[in-house]
Colleague: 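Pasting a structure here, questions to come.
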Amino acid sequence: MQEGHSETVVNYRVFVGTWNVGGEAPPDDLDLEDWLDTKAGSHDIYVLGFQEIVPLNARSVLGPKQRSAAMKWQRLIEDAMNSRRSVQDGEDATRGAAMDHGQGVFRCVVSKQMVGIFVSVWARSGLRRHVRHPGVSAVGAGVLGRLGNKGAVSVRFLLHDTSFCFVCCHLASGGEDGDAQRRNADAADILSRTSFLYSGGARAPGEMPKKILDHDRVVLLGDLNYRIAMDDAEARQLVRARKWSMLLESDELLLELSAGRQFDGWREGHVTFAPTYKYHRNSDQFCWCADGGAIAGRDKQRHRPPAWCDRILWRGKGMRQIRYERCGGYRLSDHRPVRAVFQAVCEVVESKHG
């Protein structure tokens, strides 16, 4: 710290959500308040990541960007965020520096779409002035290792004097031998290739990191697509019995985290919820023949075993996860949305000379 400056810390509550919406257009009356937990009125920053907001066909991947889907999701987010601002504002004002009078309304800080991946970041209006240098970076990792049907959209900003980076991923799919290694390679490629530029194409200001892992607080979210590495017959028995903890012992991502390979230094909260994929649309039934039977070809793709594809990881000091949940009430897609809430510490550097 420079001479003549003092440092204090302030805590903020950061909401992170991810949802693969399966290329389905949301109905105009879709209510996101339950997923976003807006009635609680206790969150300061929202980071929402979506995958497959458009169908991942050749037109979407190779053609002009389809902005209408992102605009519709953005409107639904705003409707959910700003429809209930009543007594909570007065209660929030007692929470210190994070909550000044009049901070009830949320404002969008930054949003970015790459094909089907869409990220939207929101902050309370009174906090918005402390969010500086927002930036985005998109990295395609799909067809030919470069197209945007898979990959990541990353957003970053400085909150007071602490840098945050959120990486919304859609990694390689598939449950065959070698597919987990493809996901690992996608993640490594995203971390390596993502670099942040400043406005006008210039490099970021000196106080801002250029690479993902150089930020103070980093969160990775999205459809990471990791599956269950288990014999099919055994998996069927555990699914029928709903013994999720035993299934999780063979979860590919947890195995990677424990081995400290691709995700060395990353952390995940305890997974206590049911699998997030694959469901029949508009149903709570898994899209899988749990009673057995031969499945081949195209039908095999439709009957993938349940898995925890949708995950949220983090790294860096000053982040404490206080919630990690699947939201089962949303049946638009074959995935279920997931949310995590973090208590994040931010440094505030102030001049002693005013």
Colleague: Strictly below 4.0 Å, N to O, side chains only: are Asp251 and Arg311 in salt-bridge contact?
Modeller: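 The answer is yes: the pair qualifies as a salt bridge.
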Colleague: Under 3.5 Å, is there a donor-acceptor pair between the side chain of Ser192 and the main chain of Ala188?
Modeller: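 It does not hold such a pair.
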Colleague: Side chain to side chain contact (heavy atoms under 4.5 Å, CB included) between Leu171 and Tyr226: does it pass, once the steps are laid out?
Modeller: CA-CA 9 Å; Leu171 304 184; Tyr226 286 96; 4.1 Å; yes
Colleague: Taking C-beta and beyond as the side chain, do Lys210 and Phe196 meet within less than 4.5 Å on heavy atoms?
Modeller: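 Not in contact.
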Colleague: Is a side-chain N or O of Arg193 found less than 3.5 angstrom from the main chain of Gly140, in a donor-acceptor match?
Modeller: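 Present.
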Colleague: Same hydrophobic cluster for Val136 and Val47, using side-chain heavy-atom links shorter than 4.5 Å among ILVMFWY?
Modeller: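 Yes; tracing contacts between hydrophobic side chains, which count when under 4.5 Å, links both residues.
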Colleague: For side chain to side chain contact (heavy atoms under 4.5 Å, CB included), just list the numbers for Lys211 and Ser195, CA-CA rounded to whole Å, side-chain angles, deciding distance to a tenth of an Å, and then say yes or no.
Modeller: CA-CA 5 Å; Lys211 306 298 289 185; Ser195 185; 4.1 Å; yes
Colleague: Between Asp310 and Arg339, is there a salt bridge with N-O shorter than 4.0 Å?
Modeller: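 Salt bridge: no.
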Colleague: Do the charged groups of Asp186 and Arg183 touch, with an N to O distance under 4.0 Å?
Modeller: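 So Asp186 does not pair with Arg183 through a salt bridge.
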Colleague: With rounding to the nearest 0.5 Å, note down the distance linking OG in Ser42 to CZ in Arg323.
Modeller: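 Answer for the OG-CZ pair, Ser42 versus Arg323, is 7.0 Å.
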Colleague: Indicate if Leu159 and Leu213 have the same hydrophobic cluster label, given that clusters are the connected sets of ILVMFWY residues with side-chain heavy-atom separations under 4.5 angstrom.
Modeller: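 In one cluster with Leu159: Leu213, yes.
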Colleague: Can you check whether Leu220 reaches Cys169 side chain to side chain, under 4.5 Å on heavy atoms?
Modeller: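 Sidechains of Cys169 and Leu220: in contact.
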Colleague: Kindly indicate whether the side chain of Gln321, heavy atoms from C-beta on, has any atom under 4.5 Å from the side chain of Val16.
Modeller: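 No, their side chains stay 4.5 Å or more apart.
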Colleague: Is Arg261 salt-bridged to Glu256, going by a charged N under 4.0 Å from an acidic O?
Modeller: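 Looking at Glu256 together with Arg261, the answer is yes, because their closest N to O distance falls below 4.0 Å.
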Colleague: What do the steps show when you test Tyr12 against His130 for side-chain hydrogen bond (donor to acceptor under 3.5 Å, both in side chains), and what is the final call?
Modeller: CA-CA 12 Å; Tyr12 292 104; His130 299 299; 5.4 Å; no
Colleague: To the nearest 0.5 Å, what is the distance between CG on Asn20 and OH on Tyr277?
Modeller: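 The distance works out to 8.0 Å.
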Colleague: Hey, are Arg75 and Asp79 close enough for a salt bridge, meaning a charged N less than 4.0 Å from a carboxylate O?
Modeller: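 Counted as a salt bridge, because a side-chain N and a carboxylate O are separated by less than 4.0 Å.
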Colleague: Look up atom CG in Leu253 and atom CG in Asn225, then write down how far apart they are to the nearest 0.5 Å.
Modeller: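 The CG atom of Leu253 sits 11.0 Å away from the CG atom of Asn225.
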Colleague: Is a side-chain N or O of Arg128 found less than 3.5 angstrom from the main chain of Phe106, in a donor-acceptor match?
Modeller: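 No; zero donor-acceptor contacts below 3.5 Å.
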Colleague: Less than 4.0 angstrom from a charged side-chain N to a carboxylate O is my criterion; do Asp28 and Lys72 meet it?
Modeller: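 Salt bridge between Asp28 and Lys72, a charged N being under 4.0 Å from a carboxylate O: yes.
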Colleague: Do Thr162 and Glu347 pass the side-chain hydrogen bond (donor to acceptor under 3.5 Å, both in side chains) test, and can you show the C-alpha distance, the side-chain angles, and the key distance before you say yes or no?
Modeller: CA-CA 6 Å; Thr162 298; Glu347 289 79 25; 2.4 Å; yes
Colleague: Tell me if the aromatic rings of Phe50 and Trp73 count as close, with their centers under 6.0 Å from one another.
Modeller: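 Yes - the distance between ring centres of Phe50 and Trp73 falls below the 6.0 Å cut-off.
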Colleague: Hey, are the side chains of His335 and Val21 touching, using non-hydrogen atoms and a 4.5 Å cut-off?
Modeller: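 Counting from C-beta outward, His335 and Val21 never come under 4.5 Å.
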Colleague: Under a 4.5 Å cut-off applied to non-hydrogen side-chain atoms, are Ser163 and Arg156 in contact?
Modeller: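 They are not in side-chain contact.
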Colleague: Going from CG on Asn184 to CZ on Phe263, what distance comes out if it is rounded to the nearest 0.5 angstrom?
Modeller: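 Going from CG on Asn184 over to CZ on Phe263, the span is 6.0 Å.
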Colleague: Specify whether His43 and Tyr46 have parallel, tilted or perpendicular ring planes, treating 30° as the upper limit for parallel and 60° as the lower limit for perpendicular.
Modeller: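 Ring orientation, 0 to 90° scale: perpendicular.
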Colleague: Using a 3.5 Å distance criterion without hydrogens, assess whether the side chain of Ser120 forms a donor-acceptor pair with backbone atoms of Gln74.
Modeller: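 Side chain of Ser120 to backbone of Gln74: no pair is present.
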Colleague: If two hydrophobic side chains count as joined below 4.5 Å and joins carry through other members, does Val345 share a cluster with Phe15?
Modeller: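 No; tracing contacts between hydrophobic side chains, which count when under 4.5 Å, never links both residues.
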Colleague: Mark yes when over 12 heavy atoms from residues, nucleotides or ligands other than Arg315 sit less than 6.0 Å from its CZ; otherwise mark no.
Modeller: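 Buried by this count: over 12 neighbours within 6.0 Å.
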Colleague: Please examine the side chains of Glu7 and Asp161, heavy atoms only from C-beta on, and report whether any two atoms are closer than 4.5 Å.
Modeller: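 No, side chains not in contact.
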Colleague: Could you grab the distance from atom OG1 of Thr18 to atom CH2 of Trp35, nearest 0.5 Å is fine?
Modeller: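 Rounded to the nearest 0.5 Å, the OG1-CH2 separation comes out at 7.0 Å.
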Colleague: Are there over 12 heavy-atom neighbours, none belonging to Asp177, within less than 6.0 Å of that residue's CG?
Modeller: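 12 or below, so no.
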Colleague: Within a strict 4.5 Å, meaning less than it, do heavy atoms of the Leu48 and Phe118 side chains meet?
Modeller: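 Side-chain contact under 4.5 Å: no.
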Colleague: Give, for atom CH2 of Trp308 and atom CH2 of Trp244, the distance between the pair rounded to the nearest 0.5 Å.
Modeller: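 Nearest 0.5 Å value for the CH2-CH2 distance: 6.0 Å.
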Colleague: Is the shortest side-chain N to carboxylate O distance from Arg336 to Asp284 below 4.0 Å?
Modeller: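 Looking at Asp284 together with Arg336, the answer is yes, because their closest N to O distance falls below 4.0 Å.
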